Amino acid sequence: MLEVKGLEGGYGDFKILQGVNLKVEKSTITCLLGPNGSGKTTTLNTIVGLLKPWRGTIKFEDIDITGIETHKIVEMGISLVPEGRRIFGEMSVIENLQMGAYLKSARDKMRDRLEYVFSIFPRLKERQGQKACTLSGGEQSMLAIARALICNPKLLMLDEPSFGLAPKLSIEILSILKRLRDEEGITILLVEQNIHLAGMIMDYGYLLLQGVTIAEGTFNDLINDSRVKKAYLG
Ligand SMILES: Nc1ncnc2c1ncn2[C@@H]1O[C@H](COP(=O)(O)OP(=O)(O)OP(=O)(O)O)[C@@H](O)[C@H]1O
Ligand SMILES: [Mg+2]
C-alpha cells in the first residue's frame with residue numbers, strides 16, 4: 001500500500017534522512033523503530049508532505065505521491081496522528097473531532113463518522129462536551145487517534161501514540177490499533193520507541209538509525225538482530 005524508496009530529506013541544509021526504505025502492506029501493522037533523534041518523526045512528516053523530500057520516491061497504492069501537497073495526500077487516504085498529539089486544548093472533544101473533518105466527504109457524513117469513532121472510543125462519547133485539555137493523557141491520545149479516523153483513512157500513521165502513558169494505557173491504545181487492523185482492515189504505520197510494546201502488535205518492522213533504515217523483519221527477526229540490540233542497549 002505504501003512504498004518508500006531511497007528517501008532523503010531534512011530541514012534547511014540539514015540532512016536528516018539519508019536513505020529510508022520501507023513498505024507497508026495492506027491491513028498490516030508496520031512499526032518504525034529507532035532511538036531518539038533517528039529521524040522517525042521526520043520520516044512521517046516527509047511522507048505526508050509536511051516536509052519536502054530531497055530525493056527518493058514515495059508511492060501510495062502504486063501512485064507516486066512524492067512532493068505532493070499534504071491536503072492532497074490526506075484526500076488520497078493517509079492520516080497522521082502527530083507526535084505530541086496536537087489536540088486543541090481549549091476546544092471540546094466533539095469540536096476537536098469536527099476539526100479532523102478536513103475532507104468534504106467526512107463533513108457530509110459527520111454523524112456516521114462520529115458514531116463510528118465513538119463506537120471505538122466509548123470513553124470519548126461520554127466526554128464529548130469536555131474541554132480537551134482536561135482529559136487524561138490516555139484520553140487525549142485516544143482523541144488524537146479518533147480525530148485522524150474521522151476522515152476514514154486507508155493508511156493511519158501514528159507518531160508515538162503511547163508517549164508518556166503508563167504501560168497499562170499504552171497496551172490499551174495498542175490493542176485498539178490491533179482491533180482497527182483486524183476488524184476494519186485499516187493499514188497502520190506506527191512509530192514506537194518501545195520495541196517490546198511494538199512487538200505485541202506488529203506484523204513487520206524497520207529499525208531507523210541516523211536517518212537510514214538499517215534492519216527489517218518480524219519482531220522475532222528484529223529482537224535477535226545484533227544491530228537492533230546495539231541500537232537499544234548501546
Ligand atoms: N525543525 C527542525 N529543524 C532542524 N532540525 C530538526 C528539526 N526537527 C528535528 N530536527 C532534527 O532531526 C533529527 C531527527 O529528529 P526526529 O524528530 O525525526 O527524530 P525522532 O526519531 O522522531 O526522535 P524522537 O524519538 O525523540 O521523537 C534530530 O537530530 C533533530 O534534532
Ligand atoms: Mg519523534
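Keep in mind that what you see is a predicted model, and the values were worked out from it rather than measured. Counting starts at 1 for both ligands and their atoms, following the listed order.
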- Tell me, which protein residue and heavy-atom name are nearest atom 23 (O) of ligand 1, and how many Å apart are they? Gly37 N, 2.8 Å

- Note on the structure: For atom 22 (O) of ligand 1, the closest protein heavy atom turns out to be Thr41 OG1, 2.8 Å

- Message: Under a 3.5 Å distance rule, please check whether Gln128 uses its side chain to pair with a backbone N or O of Lys125 as donor and acceptor.
- Response: yes

- Query: Are any of the heavy atoms in Gly34 under 4.0 Å away from ligand 1?
  - Reply: no

- Should the pair Glu126-Arg123 be classified as a salt bridge under the 4.0 Å nitrogen-to-oxygen rule? no

- Message: If you count heavy atoms of other groups shown closer than 6.0 angstrom to NZ of Lys178, is the number above 12?
- Response: no

- Query: Is it true that a side-chain atom of Glu183 and a backbone atom of Leu180 form a donor plus acceptor pair closer than 3.5 Å?
  - Reply: no

- Taking 4.0 angstrom as the limit, do Lys230 and Asp225 come out as a salt bridge? no

- Any luck finding a side-chain donor-acceptor pair between Thr66 and Asp64 under 3.5 Å? yes

- Looking at Pro35, which atoms of ligand 1 are within less than 4.0 Å of one of its heavy atoms? 21 (O)

- Proximal ligand 1 atoms for Ser38, defined as those under 4.0 Å from one of its heavy atoms: 19 (O), 21 (O)

- Message: Between ligand 1 and Gly39, is the shortest N or O to N or O distance under 3.5 Å?
- Response: yes

- Task: Could you tell me whether the side chain of Glu192 and the main chain of Asn194 form a donor-acceptor pair under 3.5 Å?
- Result: yes

- Query: Side chains of Glu216 and Tyr204: is there a donor and an acceptor less than 3.5 Å apart?
  - Reply: yes

- Just wondering, is there an N, O or S atom on Thr41 that's nearer than 2.8 Å to the Mg ion (ligand 2)? yes

- In terms of its nearest heavy atom to atom 13 (C) of ligand 1, the top option of Val191, Ile16, Leu17 is Ile16

- Task: Kindly indicate whether atom 31 (O) of ligand 1 is approached by any protein heavy atom to under 4.0 angstrom.
- Result: no

- Task: Return the residue, atom name and 0.1 Å-rounded distance of the protein heavy atom closest to atom 10 (N) of ligand 1.
- Result: Tyr11 CE1, 3.4 Å

- Please report which non-hydrogen protein atom sits nearest to atom 15 (O) of ligand 1, along with the residue it belongs to and the distance in Å to one decimal place. Thr42 OG1, 3.8 Å

- Short question: side chain of Asn45, backbone of Leu50 - any donor-acceptor pair under 3.5 Å? no

- Are any N, O or S atoms from Glu83 nearer to the Mg ion (ligand 2) than 2.8 Å? yes

- Does ligand 1 have an atom under 4.0 Å from some heavy atom of Gly10? no

- When you measure from atom 26 (O) of ligand 1 to every protein heavy atom, which one gives the shortest distance, and what is it? Asn36 ND2, 2.9 Å

- Query: Which option, Lys15, Glu83, Lys40, owns the non-hydrogen atom nearest atom 27 (O) of ligand 1?
  - Reply: Glu83

- Query: Does any donor atom in the side chain of Asp221 or Thr218 lie under 3.5 Å from an acceptor atom in the other side chain?
  - Reply: yes

